[in-house]
A.B. asks: 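The structure that follows is given in the form of structure tokens.
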Amino acid sequence: MGRFFFFLVVFFLCILWIPSIVLQSKPVSALPLYTDSRWIVDDEGQRVKLACVNWASHMEAVVAEGLSKQPMDAISKRIKSMGFNCVRLTWPLFLATNDSLASLTVRQSFQSLGLSESVVGIQANNPSIVDLPLLQAFQAVVSSLGANNVMVILDNHISKPGWCCSNSDRNGFFGDQYFNPDLWIEGLTRMATIFNGVDNVVGMSLRNELRGPRQNVYDWYRYMQKGAEAVHAANPDVLVILSGLNYGKDLSFLHNQPVDLTFTGKLVYETHWYGFSDGMAWESGNPNQVCGRVVDNMMRLSGFLLEQGWPLFLSEFGIDLRGTSVNDNRYMNCFSAVAAELDLDWALWTLAGSYYMREGVTGLNENFGVLDWNWCDTRNAFFLQRISALQSPFRGPGLSQTRLHKLIFHPSTGLCVLRKSLQEPLRLGPCTDSDGWNYTPQKTLTVQGTYFCLQAQDLGKPARLGIVCSRSGSKWETASDSKMHLSTELDSGATVCLDVDSTNTIVTNTCKCISRDDMCDPGSQWFKLVDSTRSSSSTESF
Ligand SMILES: *[C@@H]1O[C@H](CO)[C@@H](O)[C@H](O)[C@H]1NC(C)=O
């Protein structure tokens with residue numbers, strides 16, 4: 001009986017997963033969006049942080065994934081309830097350029113691939129689209145997201161429908177077999193036109209992950225500028241989003257030559273960054289060294305654009321959510337710190353718990369998917385906690401602001417160092433509850449508006465707040481190649497690092513893996529001092 005009740009509850013949770021937060025959420029910002037230096041802002045000049053999830057609709061069936069598992073409205077609500085405000089919705093070019101493809105019905109498309117089970121699933125969960133042409137089914141997904149206040153970025157992911165990407169898939173660069181530049185301009189124009197006037201479509205990614213033997217800088221400028229102009233002419237409301245060479249990661253050529261466009265206030269760049277972007281370096285190297293090196297490289301290839309005053313949308317990142325990949329776990333700690341420090345706009349790869357068919361496998365399970373195989377539950381709740389601090393802006397134009405301060409962000413948990421009272425130990429908690437900290441020229445970490453500073457007591461002991469900020473254990477250096485250890489010297493002369501124990505209490509321990517050790521993981525000792533003007537939701541004081 002008890003067990004039956006449990007299943008009943010789970011069953012209903014899955015059907016009625018509309019948390020109250022969705023019903024209360026305020027409408028999306030005043031659209032359309034613009035750029036203001038490196039920030040994306042709304043029509044009133046207030047920062048809008050893109051916290052998106054990728055939703056694939058570019059594979060063989062050319063139907064947004066998951067619609068055989070759950071109603072699209074439920075999926076849209078689920079996206080919102082997980083804290084995302086936007087979807088990067090992928091589409092294959094041929095959906096917009098091949099009328100016989102676009103006019104196939106959803107049913108016909110699945111049937112032609114032998115995916116009759118998916119037809120049954122769509123019939124059950126989304127009967128209203130089963131006999132719609134593919135293009136109209138795509139529009140229905142955009143509408144459903146709009147009805148739930150979810151913004152959409154249309155991403156031209158590939159030309160020929162299918163899993164992306166490889167150097168030899170002939171979809172990689174202008175001039176490849178499936179990548180005729182004129183046809184591409186035609187398809188972008190068509191898509192931009194179709195969604196002109198659809199408010200929640202806020203941006204278009206011109207092309208995903210340019211790559212392969214044909215790639216070159218000359219053609220990049222030639223065609224990307226043409227594509228950008230075409231999209232803007234057809235739909236002046238969307239942000240025009242450009243990605244670089246070498247799987248979208250390399251925009252370094254913009255150091256020397258900016259793009260030349262007739263319009264302003266709409267241009268955004270995008271890049272991708274995964275653990276596997278650096279092979280198995282994270283697992284085989286020292287994480288402090290790898291993080292330092294990989295971040296330097298990312299800044300050189302794309303991150304510099306922020307300093308030049310362009311928004312940079314990190315439109316794909318993600319990890320194996322089973323949590324078993326050492327490479328991914330180490331990368332994710334480093335990635336989260338950077339995403340917080342730079343307060344990036346981003347899109348997680350990926351929403352899909354499973355695919356209708358991927359690379360020939362029917363119903364393939366997606367270990368990077370935030371939803372589980374049934375598109376019912378979340379795959380890894382802890383991961384959602386980790387990214388939740390990144391979902392709202394730390395700073396930017398027009399936000400309700402307090403004085404600039406630091407948050408002490410702990411990337412491996414997604415939490416921040418909080419103080420409750422002088423007596424209680426410092427602990428990790430939601431960043432939204434954090435006081436502001438100042439990192440002073442004397443390298444003390446003080447609670448803004450007070451005389452209290454962070455102090456180490458002893459090895460293995462909780463850190464605490466004190467007022468004699470000149471005493472040993474009060475001066476914090478950012479140590480190691482990752483610059484993410486906060487280290488200090490005790491009376492005894494020993495150096496200790498800020499750390500977290502199993503109860504999330506802030507303690508100090510011997511610094512981990514500062515030098516060459518490749519086997520150890522310093523993640524618990526990684527902290528990032530993040531600039532913020534967010535006001536704290538807890539106003540508790542001494
Ligand atoms: C257009 O789409 C149809 C249906 O999928 C396909 O058979 C045909 O080969 C496509 N044509 C081109 C030029 O890609």
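Both ligands and their constituent atoms are indexed starting at 1 by order of listing.
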A.B. asks: Within the structure, does at least one protein heavy atom fall under 4.0 Å of atom 7 (O) of ligand 1?
C.D. replies: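 Within 4.0 Å of atom 7 (O) of ligand 1, no protein heavy atoms are found.
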
A.B. asks: Flag this pair as yes if the NZ/CZ of Arg207 is under 6.0 angstrom from the six-membered ring centre of Phe179 and inside a 45 degree cone about the axis; otherwise no.
C.D. replies: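 Arg207 over Phe179 ring: yes.
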
A.B. asks: Is it true that Phe276 and Tyr331 have ring centroids separated by less than 6.0 Å?
C.D. replies: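 No.
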
A.B. asks: Flag this pair as yes if the NZ/CZ of Arg330 is under 6.0 angstrom from the six-membered ring centre of Trp282 and inside a 45 degree cone about the axis; otherwise no.
C.D. replies: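 Verdict for Trp282: no cation-pi partner in Arg330.
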
A.B. asks: Could you find the nearest protein heavy atom to atom 5 (O) of ligand 1 and give me its residue, atom name and distance?
C.D. replies: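 That would be Leu101 CD1, 3.7 Å.
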
A.B. asks: I'd like to check atom 11 (N) of ligand 1 in this structure: does the protein have a heavy atom lying under 4.0 Å from it?
C.D. replies: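 It does: a protein heavy atom is found less than 4.0 Å away from atom 11 (N) of ligand 1.
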
A.B. asks: Which bit of Asn98 is near ligand 1, meaning a heavy atom under 4.0 Å away: side chain, backbone, both or neither?
C.D. replies: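 The side chain, only.
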
A.B. asks: Numbering the atoms of ligand 1 from 1, which are under 4.0 Å from a heavy atom of Ser100?
C.D. replies: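 Ligand 1 atoms under the 4.0 Å threshold to Ser100: 1 (C), 2 (O), 3 (C).
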
A.B. asks: Any Lys/Arg nitrogen of Arg190 or Asp99 sitting under 4.0 Å from an Asp/Glu carboxylate oxygen of the other?
C.D. replies: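 Salt bridge flag = yes for Asp99 with Arg190.
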
A.B. asks: I want to know whether Tyr274 and Trp349 have ring centres closer than 6.0 Å.
C.D. replies: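 Not close enough - the centres of the two rings lie 6.0 Å or further apart.
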
